[in-house]
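Not measured: the values here are computed from a predicted model.
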Amino acid sequence: MRAGLSRLLPGLAVRAADFDWPKSFPNAEADVQQFLIGAKVIAVERRAKVLLIELSTKYTLVIHLKMTGQLVFRSAKASFGAGHPNRSLIGELPDKSTRVTLMFTDGSRLFFNDQRKFGWMRLLPNAEVPQLDFFKKVGPEPLAADFTWQAMRGRLVRRSNTNIKAALLDQTVIAGVGNIYADESLWGAKIHPATLVKNLSTRQFHSLYDELVYVLKLSIEKGGSTDKNYVDAEGRHGSYLSFARVFRREGQACPRHPGTLIQKLRVAGRGTHICPRCQRLKH
DNA sequence: CACTTGACCTGTCCGC
DNA sequence: TGCGGACAGGTCAAGT
């Protein structure tokens, strides 16, 4: 999504903004008038699951999409009326789950849609972004050059008494791993998600690292795991889920064991998908 | 401090 | 067809 937005937004100037749900954009109106209206987009960055739209006013739009957030860009002449190929995906915007609309001076618009209202967007002075509690506590980027398998093990063992799935989902341990990539990488490494971190072998840490890096890179290449709720910056869905081996594949054959069916269980309070043959829980 | 659970919301699906 | 409950890609605060 960052890559898509950074092809579309830099250079555009904000002409106006509309808001629906206060928690989706908690800034005061005065901030909006002073630091958003008239601002030009400089760049689009990302840290963990947070998008950062940097503005010419030295303010940044900080965005977390949470479970159901979407950012959809529409150029001035885009029409999504009946007959448009993308109509089945979203249709005309704004719609009833549009929380924020940014209108640019060239007539294009960026819509922040969020059915469940968990996501948010806020304006912050550039210097305050790293001071957010989330950024102070968040772990390292798994695709950074210095994130080796040893570095990953070093982070995970901070949660040695909990299960590996909970540790992977903990954003203060490693940044950006969510439910899909946790399940996919654990299947790849043949590790049961309820395995305690302290019981993982060196080989398992190494394998989990390889598999996590693999699924993250593959997903970025495929445009992400968007299906029902997320779409990319131009309103298209990513295709990673069609490559997923276990996620939302309960009852289907394990790709490694055609005779074994994927099971769904609950680990760390989340729906969790495993192959019961390759991912065994030993004690 | 480490770890787990409920809350924040809306919509959909499934069993009765 | 209606109704209650479980569930959905993620954090947070409050609990033990």
Side-chain angles (χ1 to χ4, degrees), chain A residues 1-2 19-26 46-51 62-71 89-91 94-100 112-122 132-139 142 155-187 193-199 212 215-216 218-220 222-232 236-251 263-273:
Chain A
M1 183 155 282
R2 186 208 68 79
F19 307 98
D20 157 273
W21 183 253
K23 289 181 179 177
S24 299
F25 197 109
R46 179 199 60 78
R47 174 78 172 97
K49 297 176 188 172
V50 176
L51 278 166
V62 184
I63 304 170
H64 200 311
L65 300 172
K66 296 285 182 83
M67 306 279 268
T68 56
Q70 308 172 314
L71 285 174
L89 303 183
I90 303 196
D95 65 17
K96 68 174 172 176
S97 49
T98 300
R99 309 298 168 210
V100 179
F112 172 36
N113 268 35
D114 187 18
Q115 179 183 99
R116 289 176 73 182
K117 301 178 175 174
F118 289 172
W120 47 264
M121 205 173 192
R122 61 187 288 204
L132 287 173
D133 275 355
F134 178 86
F135 283 123
K136 285 199 285 191
K137 294 189 300 184
V138 73
R155 299 297 297 181
L156 288 171
V157 296
R158 295 153 61 108
R159 293 288 180 276
S160 58
N161 286 319
T162 193
N163 58 69
I164 183 60
K165 172 124 183 193
L168 282 173
L169 293 175
D170 185 336
Q171 299 297 295
T172 71
V173 173
I174 300 169
V177 181
N179 206 29
I180 297 173
Y181 307 118
D183 282 7
E184 291 290 295
S185 57
L186 287 167
W187 177 86
T195 309
L196 296 183
V197 172
K198 64 183 172 193
N199 292 338
L212 179 62
V215 296
L216 291 176
L218 176 63
S219 182
I220 289 168
K222 300 301 175 187
S225 296
T226 59
D227 66 337
K228 281 200 281 291
N229 291 306
Y230 287 159
V231 288
D232 76 6
R236 290 183 299 251
H237 292 188
S239 64
Y240 176 79
L241 284 186
S242 65
F243 297 87
R245 288 83 45 97
V246 287
F247 191 80
R248 285 199 205 145
R249 296 197 181 279
E250 183 184 14
Q263 287 179 358
K264 186 169 179 187
L265 34 144
R266 190 152 284 266
V267 179
R270 310 295 302 277
T272 299
H273 310 76

Name the nucleic acid region contacted by A:Lys137, choosing base, sugar-phosphate or nothing; use a 4.0 angstrom heavy-atom cut-off, strictly under.
nothing
Any base atoms under 4.0 Å from A:Arg99, or only sugar-phosphate, or nothing? Heavy atoms, all strands.
nothing
Within the structure, does a side-chain N or O atom of A:Lys23 lie under 4.0 Å from either OP1 or OP2 of C:dC12?
no
Is the phosphate of B:dG11, meaning OP1 or OP2, less than 4.0 Å from a side-chain N or O of A:Lys96?
yes
Answer yes or no: does a side-chain N or O of A:Arg270 lie under 4.0 Å from OP1 or OP2 of C:dG9?
yes
Between C:dT11 and B:dT12, how far is it from one P atom to the other, in whole Å?
24 Å
When only distance counts, do a donor and an acceptor, one from the side chain of A:Arg116 and one from the base of C:dG10, lie under 3.5 Å apart?
no
Side-chain N,O (A:Arg266) to OP1/OP2 (B:dT5) below 4.0 Å
no
Under-4.0 Å side-chain N/O to phosphate OP1/OP2 contact, A:Thr68 with C:dG9
no
Once you apply the 3.5 Å cut-off to both distances, tell me the Watson-Crick or G-U wobble partner of B:dC16, or none.
C:dG2
Does A:Gly271 reach a base, just sugar-phosphate, or nothing at all? Heavy atoms under 4.0 Å.
sugar-phosphate
Should A:Phe118 be counted as stacked on C:dT11, where stacking needs a ring-centre gap under 5.5 Å and an angle between planes under 30 degrees?
no
A:Asp114 and A:Trp21, any side-chain heavy atoms less than 4.5 Å apart:
no
Would a 4.5 Å heavy-atom cut-off, applied to side chains only, mark A:Arg155 and A:Asp170 as touching?
no
Taking C:dA6 as the reference, what is the distance to B:dG6 when you measure between their C1' atoms (whole Å, please)?
15 Å
Can you confirm whether A:Leu168 sits close enough to A:Tyr181 that some side-chain heavy atom of one is under 4.5 Å from a side-chain heavy atom of the other?
no
Measure from the side chain of A:Lys49, starting at C-beta and using heavy atoms only, and say which of B:dC3, C:dT11, C:dG9 lies closest.
C:dT11
If I take atom CG in residue A:Leu196 and atom P in nucleotide B:dT4, what distance separates them, rounded to the nearest angstrom?
9 Å
Would you mind pulling out the nucleotide paired to B:dC9, Watson-Crick or G-U wobble, both distances under 3.5 Å?
none
Give the rounded distance in Å between these two atoms: CZ of A:Arg248 and C1' of C:dC7.
11 Å
Backbone N/O of A:Phe247 and side chain of A:Arg245: donor-acceptor pair under 3.5 Å
no
Look at the side-chain N and O atoms of A:Lys66 and state whether any lies under 4.0 Å from the OP1 or OP2 oxygen of B:dC8.
no
Quick one: is B:dT10 close enough that its OP1 or OP2 comes under 4.0 Å of any side-chain N or O from A:Lys117?
yes
Main-chain N/O of A:Arg116 paired with A:Thr68 side-chain donor or acceptor, under 3.5 Å
yes
Measure the acute angle between the ring planes of A:Phe25 and A:Phe19, then classify it against the limits of 30° and 60° as parallel, tilted or perpendicular.
tilted
If the cut-off is 4.0 Å, is A:His64 near the phosphate of C:dG10, judged by side-chain N/O to OP1 or OP2?
no
Within the pair A:Gln115 and B:dG11, is there a side-chain N or O less than 4.0 Å away from OP1 or OP2?
no
Once you apply a heavy-atom cut-off of 4.0 Å, does A:Gly178 come out as touching a base, just sugar-phosphate, or nothing?
sugar-phosphate
